[in-house]
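These values consider heavy atoms only, across backbone and side chains, with no hydrogens, waters or symmetry-generated copies. Because the structure is predicted, anything quoted here is derived from the model rather than measured.
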Amino acid sequence: MKPPIPIYDCHGHIGIHPDFPAYKADPEELLRVMDLLNIEVLAVTSTLACYNDCPRGNAEVAKVIERQPHRFRGYITVNSSPAGEAASELARWSWFHKPPLIKLHPDLHKSPVNGPGYRPVWDYANRTEAVVLVHTWDSDPNCSPILLAPVAREFPRARIILGHSGVTWRGYHQAIECAEGAANVFLDITGSQSHRTIMEKMVDRLAYDRILFGSDMPYLEAAVSLGRVLTAQISNEAKEAILRLNFVKLLQESA
Amino acid sequence: MLSRSTIDPALSEVAAWDVFDANASMGRSGTRGELALDAPELIAEMDRFAIRRALVGHLAVEEYDVRAGNALLIEQSQSYLDRLEPVVGALPEPDFIQQLSGNPPSVVRLFPTKHNFSCEAWCAGELEECLQAHGILTLIAREELGWDALVSLLRNFPRLPILLLETGYRADRWLYPLMRQHPNLYIDTATYVAHRQLENFVDRLGADRLMFGSRLPFYTPGAALAVLATARIPDEARLLIAGKNLRRLFGARANRQETRNK
């Protein structure tokens, strides 16, 4: 089961997990799996940064993208706490990518995505037309997709990716509704819940240029998202856009 | 027989696997009605994904009443027994035990949380004894019982084949020791979807106790099939997981029945 074109994957990680064993998770192993599945580029976030330590985590990402600049893109992960650290991390790692790629994990960082703690980040993202990948979860008080529609409207030049599209069946519907209300919102299909017919619904309601392939490797198995796209009852044109072209466009790279 | 023309082109390799799905349901759903499928619709979806046969429960068993759901299951699967293997529900109540002893089915599914009973021997021991005596494959979803309750069940009934469904992808620190200690434990692949988790399992524990599961009608089989298709495991292991393991369990039970009937 191979995709028809090389994939640009908007959602990956570097690092391991506290609550379950990681297999074949180092960058060299990731590259082998990327080659197997025809994933040309993987945009990565540091798992250490998502859980515990942004400065150290972003430094891990720096090493990976320095070593393999053609295969990896790096998100700068920022936390709203301690105050001021996000701005310094954004400045320190601004060479990662232009436009900047920023990752927010309001669930693990226990801070509402629409709260005052993240305002400096949203200002920066708006100013730099950054791509901001936000972890989202169905109705979560810190990261529900519903919280992001007003943010997207207030900061219209930021391009916001709803990581996991809210995960659950209801979360997906919240994410679709959020994207319908703001043209700068994009949906990432990463997730462990492979809802039947949801790909078709997203394409029906949003058009395919707002949907992005994400794997969450080495958390989740990339073949999950691959199988969902390749077997969805949508046009080949839509599949190619989702697998590659939409994220290439967001990154402002050439196809 | 599956017609190649009905199979999604992305799944052409799957047609040769003779897939036997360990985790499917049919019937109306009060909570997820938009996704529910009746028997002909389920079979059409199985055709598209080259799934030859499936263990299928009825959502009325899970969501409403075991007796009423079992009746609907038998009635609605009757015309499709070449494709659908009915999975009846059971309760730790005397009429169920009597029925299971008199006419043992191939497979049952228990819902201890939804149906509000304990799987510990003091509560469901008689039912479990009956299931073990007849070698009935017993399906339980992970969310339906705690790990300690599962351990008791495995210890108390070491000859009862238990297929733990929907383990999730974060459970290996529980699953690996359990699989090593209890040869009667099997798992399905529907939610076993961490990065390279399937191939790691096969490397460490072998392929004999993994069963392909789709979680139809709620999940698309495309995901679990892609995980199996792209796992770096021997082709024979892939075929075991796709369907041979489940067929082997059924074969074992059929042989026991035959011996008992002589």
| Intermediate values then yes/no, side-chain contact (heavy atoms from CB on, under 4.5 Å), A:R196 and B:L37 | CA-CA 11 Å; A:R196 194 172 64 82; B:L37 297 172; 3.3 Å; yes
Scanning both residues in full, the closest heavy-atom pair of A:S194 with A:V224 reads OG-CG1, 3.3 Å
>> When you measure from the centre of the six-membered ring of B:Y176, is the NZ or CZ of B:R204 closer than 6.0 Å and no more than 45° off the axis?
In response: no
Looking only at B:E34, B:E45, B:R173, B:R32, most heavy-atom pairs under 4.5 Å shared with chain A are made by B:R173
Only one of B:R53, B:M46, B:Q76 passes side chain to side chain contact (heavy atoms under 4.5 Å, CB included) with B:L84, and that residue is B:M46
d(A:D107 CG, A:H164 NE2) to nearest 0.5 Å is 9.0 Å
Applying a strict 4.5 Å limit to non-hydrogen atoms, the region of A:L36 in contact with chain B is side chain
Looking only at B:A171, B:G168, B:A194, the option with the highest number of non-hydrogen pairs under 4.5 Å against chain A is B:A194
Honestly, the part of A:K239 sitting under 4.5 Å from a heavy atom of chain B is neither
If one checks every heavy atom of B:T191 against chain A at 4.5 Å, the contacting part turns out to be neither
Bottom line for A:L37: the part with an atom under 4.5 Å from chain B's heavy atoms is side chain
So, the part of B:L198 with a heavy atom under 4.5 Å from chain A: the answer is neither
| said: Using ring centroids (six-membered ring only for Trp), state whether A:F20 and B:Y169 fall under 6.0 Å. | reply: yes
